[in-house]
Amino acid sequence: MPAIDAEAVGGGAQPSEPVEPFAVAFNGTRDMMVLFRVEPGPTLRLVAANAEYMRTLRSLGFDVALADLQGSTLDEVGLRLKFAPDALQALLARYREVAESRTPLSLEERTDTPRGPHFGETVLTPVCDATGTCTHVLYAARDITDRKLAEQALKESELRARQIFKATPVAMMIAECESGRILDGNARSLELFDFSESDLLPDFWLEPEAGRRVLRCVGEGAPLPAIEHHVRARGAEARTCLVSAESLKLGEVCCAVLAFHDVTEQRRMEREKSELEMQLVQAQKLEALGTLAGGIAHDFNNILTAILAYSDLAVIDADDPRSVREYATEIRQASARAKELVRQILAFGRNARPERRPIALHSVVQEASRLLRSSLPTSLEIRCLVDQDSPVVLGDPTQIHQIIMNLGTNAAHAMLGAPGVLTIKLQRLELDDSMARLHPNLKPGLFAMLEVADSGHGMDEATLARMFEPFFTTKGPGEGTGLGLAVVHGIVRDHGGAISVTSRVGEGSCFRLYFPAIDGEEEPVVTANLPPRGAGEHILLLDDELSVGVSMRLVLERLGYRVSSFASPLDALARFRAGPRDFDLVITDLTMPQMSGLEFAEQVLRAQADARVFLASGFSGGLTQEKVRALGLRGLFMKPFSYERLALELRRALES
């Protein structure tokens with residue numbers, strides 16, 4: 001083992017210690033090096049220390065020079081450097097072990113210094129003479145403090161991250177993107193999915209393809225915002241969760257951190273709220289229909305009076321074709337009015353979800369005004385001022401109709417049956433920034449403004465503050481439920497609009513409703529100028545009402561068709577089965593004894609899959625054209641239907 005020249009590395013060596021050229025390496029290395037001489041006892045005495053060792057001591061806050069340490073025993077050096085007693089004893093034991101065993105020792109050491117902990121990779125090497133006696137122990141150490149502190153900081157960071165991961169109230173899991181295997185889950189996820197840490201299985205997706213799609217997106221690096229998914233929790237229980245994901249690299253494996261925000265209860269409450277709102281609307285409709293009943297009966301009786309009178313005149317003047325034609329025209333017009341009145345009543349009273357579509361409000365306002373005229377006392381004057389150029393809005397005609405009926409009947413009550421004026425106005429309105437600021441829910445732009453004003457007794461400030469509260473009413477017992485204005489407010493809000501009210505006691509009230517305009521137009525109603533005629537096609541007609549069947553048969557025959565008419569579904573079905581190819585088209589009533597129209601149509605289609613079948617009904621009961629066609633039928637005729645429409649629909653069906 002080469003010896004080291006003590007003078008070359010700082011002096012202090014005994015004269016008998018050898019000198020070698022390796023002294024240059026001793027001082028030139030960037031590692032800390034200290035040479036200790038082994039004396040009897042054994043005692044270890046510091047004989048040399050390189051420049052890097054002394055620089056490191058100074059950087060750690062030890063104000064010592066080489067002369068202060070040289071010649072000191074290891075015990076004295078440890079005390080000078082403020083080693084703890086137990087640490088110093090362990091240090092002495094290591095040096096003595098190396099000296100006695102003559103075996104090098106490698107270890108990592110931590111030293112607590114005035115400026116914090118210091119870490120080093122240390123090698124203690126025995127230096128032996130020619131006889132094999134250990135004469136010196138060489139201490140060589142490399143400073144790894146920065147690396148150890150970085151490792152410690154990383155471990156602490158990972159620990160904090162894991163603690164946050166485990167403790168967060170949002171269910172979180174870590175999954176491999178490629179295999180879908182769940183690697184870890186926090187406490188909330190284990191609770192939600194009823195897993196254990198030793199049993200993390202990827203079978204919680206109710207729609208497995210949805211789970212694969214989430215992991216695939218994360219694996220491809222695509223951003224994944226929160227998306228609603230259905231998951232299986234606690235056995236077979238289904239939960240609704242907003243799922244978001246972030247990518248995570250674990251070594252070379254691409255993983256996803258999945259977060260599940262359980263919104264099951266929130267969605268349930270939203271559904272319940274929606275159902276309650278529908279019940280509220282329907283309850284108010286029933287109240288309004290009760291108010292309208294008298295006026296509707298009055299208007300309908302007037303229509304029937306005209307029909308009966310013109311029918312009697314037609315019988316009396318049967319020999320005068322010109323007069324009979326005039327009477328028939330009047331009967332047809334009165335019947336059209338009755339049909340429109342029934343349609344409005346059914347539309348107003350139906351319990352259905354809103355169906356928004358582009359509509360021009362002027363037609364809805366005029367219809368509702370006519371129905372109000374039928375239901376309100378004649379002492380009230382109704383002024384309907386409608387701008388035919390009002391913009392198109394996205395709305396539900398039935399709900400708009402309901403708004404006008406509610407506000408109109410409220411206005412009539414405010415005028416207490418005395419002579420008064422109800423004004424219904426519709427106009428275009430360009431809302432600028434200053435006006436929009438008065439209505440926080442609205443943005444500047446084009447609107448359709450509906451105004452309903454009365455000359456009634458008005459409202460005080462206390463009533464104005466509470467008028468939109470459900471069940472708040474100023475009416476007496478039995479005069480109303482107080483739902484009308486709450487429903488109006490809800491409908492306007494759901495249409496993206498706003499409502500403002502001005503009222504003073506003794507001066508009446510004015511409601512202004514703002515509906516945002518949209519681009520586009522209402523689809524025009526296309527009618528045929530001349531009804532298309534048949535070419536002798538054979539039609540099977542089924543209606544249990546004899547008068548309806550006879551009148552429809554006569555009309556169909558005038559249109560150029562051959563008709564086999566039946567009042568019994570069983571008789572009609574037997575005839576059809578006897579010769580399905582004898583008929584080009586089937587028209588059946590919906591509501592009949594023995595068998596419904598839908599059941600009859602099903603039997604017809606079983607006998608002939610490509611049969612052309614139409615339903616006819618005075619009340620659809622929720623059936624729509626789309627639902628009827630989905631069942632394989634050609635369409636639905638709502639009674640009463642016009643001669644022209646019947647002819648047009650039949651030709652379309654026969655030519656398709």
Side-chain angles (χ1 to χ4, degrees), residues 335-336 338-357 359 396-398 522-528 531-532 534 537-545 547-553 555-556 559 561 563-569 572-573 576 583-656:
S335 299
K339 173 187 175 182
E340 180 64 16
L341 186 61
V342 171
R343 186 193 68 79
Q344 290 180 12
I345 296 169
L346 290 176
F348 180 67
R350 68 188 171 98
N351 184 15
R353 297 284 175 183
E355 296 179 2
R356 305 280 162 77
R357 59 181 175 83
I359 56 171
D396 181 280
T398 302
E522 241 185 351
E523 292 186 4
V525 178
V526 180
T527 57
E537 292 91 346
H538 194 183
I539 295 177
L540 187 151
L541 175 64
L542 171 61
D543 199 303
D544 63 309
E545 289 287 343
S547 60
V548 174
V550 170
S551 62
M552 283 189 65
R553 178 176 60 79
V555 168
L556 291 170
L559 287 171
Y561 298 101
V563 181
S564 294
S565 180
F566 297 87
S568 165
L573 187 58
F576 185 85
F583 299 98
D584 300 290
L585 190 140
V586 176
I587 301 175
T588 174
D589 189 25
L590 177 60
T591 305
M592 298 178 294
Q594 299 175 313
M595 185 183 298
S596 72
L598 286 174
E599 292 171 330
F600 176 80
E602 181 183 359
Q603 295 297 324
V604 167
L605 292 173
R606 284 185 181 179
Q608 182 183 333
D610 60 347
R612 301 180 177 94
V613 184
F614 275 93
L615 278 180
S617 177
F619 179 66
S620 65
L623 280 177
T624 63
Q625 295 287 356
E626 292 74 18
K627 291 180 181 178
V628 166
R629 292 192 176 101
L631 295 172
L633 282 64
R634 293 306 175 98
L636 173 67
F637 289 130
M638 288 304 300
K639 298 177 184 177
F641 39 77
S642 67
Y643 175 81
E644 293 85 357
R645 178 168 179 262
L646 178 63
L648 185 63
E649 292 294 337
L650 291 180
R651 287 320 305 167
R652 285 177 178 170
L654 289 167
E655 292 172 3
S656 64

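Minimum interatomic distance between Pro397 and Ile359 (heavy atoms only, all atoms of both residues): CG-CG2, 3.8 Å. Residues Leu542 and Ala567 come closest through the heavy atom pair CD1-C, 4.0 Å. Between Ala653 and Arg612, the closest heavy-atom pair is O-NE, 2.9 Å.
Here the OG1-CG distance, from Thr591 to Leu598, works out to 9.0 Å after rounding to the nearest 0.5 Å. Separation of atoms CG (Asp589) and CZ (Phe566) is listed at 15.5 Å; rounding is to 0.5 Å. Residue Ser617 holds its OG atom at 9.5 Å from CG of Asp543, rounded to the nearest 0.5 Å.
Contact check for Leu573 versus Met595: side-chain heavy atoms found under the 4.5 Å cut-off. Side-chain contact between Ile539 and Asp584 is absent, with no heavy atoms from C-beta onward closer than 4.5 Å. Taking 4.5 Å as the limit, every side-chain heavy atom of Ser565 sits out of range of all side-chain heavy atoms of Val550. Using a 4.5 Å heavy-atom cutoff, the side chains of Leu585 and Glu537 are not in contact. Within the 4.5 Å cutoff, side-chain heavy atoms of Leu654 are placed close to those of Tyr561. Contact check for Pro532 versus Arg652: no side-chain heavy atoms found under the 4.5 Å cut-off. Here the side chains of Leu556 and Leu646 are in contact, with some heavy-atom distance below 4.5 Å.
Take Arg634 and apply the side-chain hydrogen bond (donor to acceptor under 3.5 Å, both in side chains) test, not counting sequence neighbours, and it matches Ser656.
Below 30°, between 30° and 60°, or above 60°: for Phe637 and Phe614 the angle between ring planes is below 30°, a parallel geometry.
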Side chain to side chain contact (heavy atoms under 4.5 Å, CB included) assessment of Gln603 paired with Phe576: CA-CA 10 Å; Gln603 295 297 324; Phe576 185 85; over 6 Å; no
Audit row: Met552, Ile587, side chain to side chain contact (heavy atoms under 4.5 Å, CB included) steps and yes/no: CA-CA 10 Å; Met552 283 189 65; Ile587 301 175; 4.2 Å; yes
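Checked options Val628, Val586, Thr588, Val604; the residue passing with Leu633 is Val628 (criterion: side chain to side chain contact (heavy atoms under 4.5 Å, CB included)).
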